[in-house]
Amino acid sequence: MFRTIPALRRVSIYMVLSYIALITVNNSGYELENMWVIYAPMFVGVYIFSRWIDSKFSAVKPINEKDKAEQQ
């Protein structure tokens, strides 16, 4: 399903990574007056990292029925 709908794959990867990063930052003990000093670069980094991960998934060539028959 994720190969047929790449936007859903990208959103899912970003949501999982951003949730993990948000939990990590919130549990780190930082208590700044303006937490966006940490959140903004974090979410930019998560976006770049999630796009890199997505490019690795899209680089994998899906195996179709013809390829399966040739491998046997």
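The residues of the chain are indexed from 1 along the displayed sequence.
Residue Ile48 is not grouped with residue Val11 when hydrophobic side chains (ILVMFWY) are merged at heavy-atom distances under 4.5 angstrom, including chains of intermediate members.
Looking at Ile13 and Phe49, their side chains never come closer than 4.5 Å, going by heavy atoms from C-beta outward.
The distance from atom CZ of Arg10 to atom OH of Tyr47, rounded to the nearest 0.5 Å, is 8.5 Å.
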Would you mind writing out the side-chain donor-acceptor pairs for residues 16-27 within the sub-3.5 Å range, not counting sequence neighbours?
residue: Ser18; atom: OG; partner: Tyr14; partner atom: O; Å: 2.8
residue: Ser18; atom: OG; partner: Met15; partner atom: O; Å: 3.2
residue: Thr24; atom: OG1; partner: Ile20; partner atom: O; Å: 2.8
residue: Asn26; atom: OD1; partner: Tyr39; partner atom: OH; Å: 2.6
residue: Asn26; atom: ND2; partner: Leu22; partner atom: O; Å: 3.3
residue: Asn27; atom: ND2; partner: Ile23; partner atom: O; Å: 3.3

